[in-house]
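In this text the structure is predicted, and so the values were computed from the model without any measurement. As the structure lists them, so they are numbered: ligands from 1, and atoms in each ligand from 1.
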Amino acid sequence: MKACFIGAGNMASALIGGLVAGGARPADLCAVDIDAGQRDRLAARHGVATHESPEAALAGADCVVLAVKPQQLPAVAASLAPGIGGRLVVTIAAGVRIGDLSRWLGGHRRIVRAMPNTPALIRQGISGLYAAAEVGGEDRELATRILGAVGEVLWVEHESMIDAVTAVSGSGPAYVFLCIEALEEAAIASGFPAGQARALAVSTFAGAGALAAAESEPPAVLRARVTSRGGTTERGVAALEAGGLRVAMREAVAAALRRAVELGDESGRAA
Ligand SMILES: NC(=O)c1ccc[n+]([C@@H]2O[C@H](COP(=O)([O-])OP(=O)(O)OC[C@H]3O[C@@H](n4cnc5c(N)ncnc54)[C@H](OP(=O)(O)O)[C@@H]3O)[C@@H](O)[C@H]2O)c1
């Protein structure tokens, strides 16, 4: 696999780092970025070739990964269109629909749309992927390999579900950070100094998350296991339920989903 990344920022660096750690040869990867500092950082960190413009970079690539900001994508795609040929294009730009990207790429249809999340930066992400009808099995495997380098991969059948992935796992890390903040504040209110409160809150979320991932039982069963009748956890969980945690989470995802659809509509009007 020879892949060329357009945009050498955070996500491109995470994906390239994951691919190299997984055995990809740096010589088979390259990146294009208009920012010389980004190019230098990426080359120093991962030993890949970098370029200021895509012409030379595209020549040897089977696959192009679009890792620029969504608002930069119309211009980037238009500049790639003449040289894109039959290459697989994987886009990770949030909210940009395949139909719009295809139009900016001059009708190119071999496109996979992916939605990663920030834990990808430490290779513990999860990405939703959707392929246009024209994308075959080998291309799906290639996209799975690229996003799989930074965490789990989940294919969805309808492109609209990428908006739902955005609302759940794309925005999800912020929901979790908010919960960590809330537990930290509660720890401070219970008398812990700030450093200890942070450690208690962060380690509790990290440990419980790792345990939930390691166990085959659903989280509800794990919760029941630590909730003895008449005990402290039972009281605490009851307070969270009474406070509307589940309703708030459902509303958070619904609100994020509505915004994802709006952003898709807005970016579609961009060019
Ligand atoms: N970070 C996440 O967790 C996450 C999650 C899901 C999806 N995404 C998506 O991933 C994409 C990349 O995010 P990021 O955080 O990696 O962004 P980033 O760090 O800003 O990286 C994008 C890079 O592309 C460069 N660039 C801009 N125009 C270019 C052009 N014409 N040709 C080549 N390079 C160009 C930018 O340079 P300048 O800075 O000079 O503009 C920047 O260095 C975004 O579309 C975002 O929606 C990110």
> Any idea which part of I34 is under 4.0 Å from ligand 1, heavy-atom wise: side chain, backbone, both or neither?
Replying inline: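 Under 4.0 Å from ligand 1, I34 contributes backbone and side-chain atoms.
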
Measure from [atom] to every heavy atom in [options] and give the option owning the shortest one.
atom: atom 7 (C) of ligand 1; options: I92, V165, T118; value: I92
atom: atom 6 (C) of ligand 1; options: G9, A8, P116; value: P116
atom: atom 15 (O) of ligand 1; options: L121, N10, V32, I6; value: N10
atom: atom 27 (C) of ligand 1; options: Q71, Q72, E52; value: Q72

Got the closest protein heavy atom to [atom], with its distance?
atom: atom 20 (O) of ligand 1; value: K69 NZ, 2.7 Å
atom: atom 44 (C) of ligand 1; value: V68 O, 3.2 Å
atom: atom 48 (C) of ligand 1; value: M11 CG, 3.4 Å
atom: atom 31 (N) of ligand 1; value: V76 CG2, 3.2 Å
atom: atom 23 (C) of ligand 1; value: D33 OD2, 3.3 Å
atom: atom 22 (C) of ligand 1; value: A67 O, 3.5 Å

>> Under a 3.5 Å cutoff, is there a donor and acceptor pairing between the side chains of R45 and S13?
In response: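 A pair is found: one side chain offers a donor N or O, the other an acceptor, under 3.5 Å apart.
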
>> Are the side chains of V89 and V112 in contact, using a 4.5 Å heavy-atom criterion?
In response: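 They are not in side-chain contact.
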
> Do I122 and V150 come within less than 4.5 Å of each other through their side chains, counting heavy atoms only?
Replying inline: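 Not touching, per the 4.5 Å side-chain cut-off.
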
Hey, is [X] close enough to [Y] for a salt bridge, meaning N to O under 4.0 Å?
X: E184; Y: R198; value: yes
X: R113; Y: D163; value: yes
X: E159; Y: R97; value: no
X: E266; Y: R259; value: yes

With heavy atoms of [X] as the reference, note each atom of ligand 1 found under 4.0 Å away.
X: N117; value: 3 (O)
X: A94; value: 45 (O), 47 (O)
X: Q38; value: 42 (C), 43 (O)
X: P70; value: 44 (C), 45 (O), 47 (O)

> What heavy-atom pair brings I162 and M115 nearest, and what distance separates the two atoms?
Replying inline: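 Between these two residues, the closest heavy atoms are CG2-CB, 4.1 Å.
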
> Would atom 39 (O) of ligand 1 count as contacted, meaning some protein heavy atom under 4.0 Å?
Replying inline: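 It does not; no protein heavy atom is within 4.0 Å.
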
> Under the side-chain hydrogen bond (donor to acceptor under 3.5 Å, both in side chains) rule, what pairs show up with a residue in residues 68-92, not counting sequence neighbours?
Replying inline: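 Pairs touching residues 68-92 that pass the test: none.
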
>> Can you list everything that forms a side-chain hydrogen bond (donor to acceptor under 3.5 Å, both in side chains) with R246? Sequence neighbours excluded, please.
In response: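 side-chain hydrogen bond (donor to acceptor under 3.5 Å, both in side chains) list for R246, sorted by chain: E241.
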
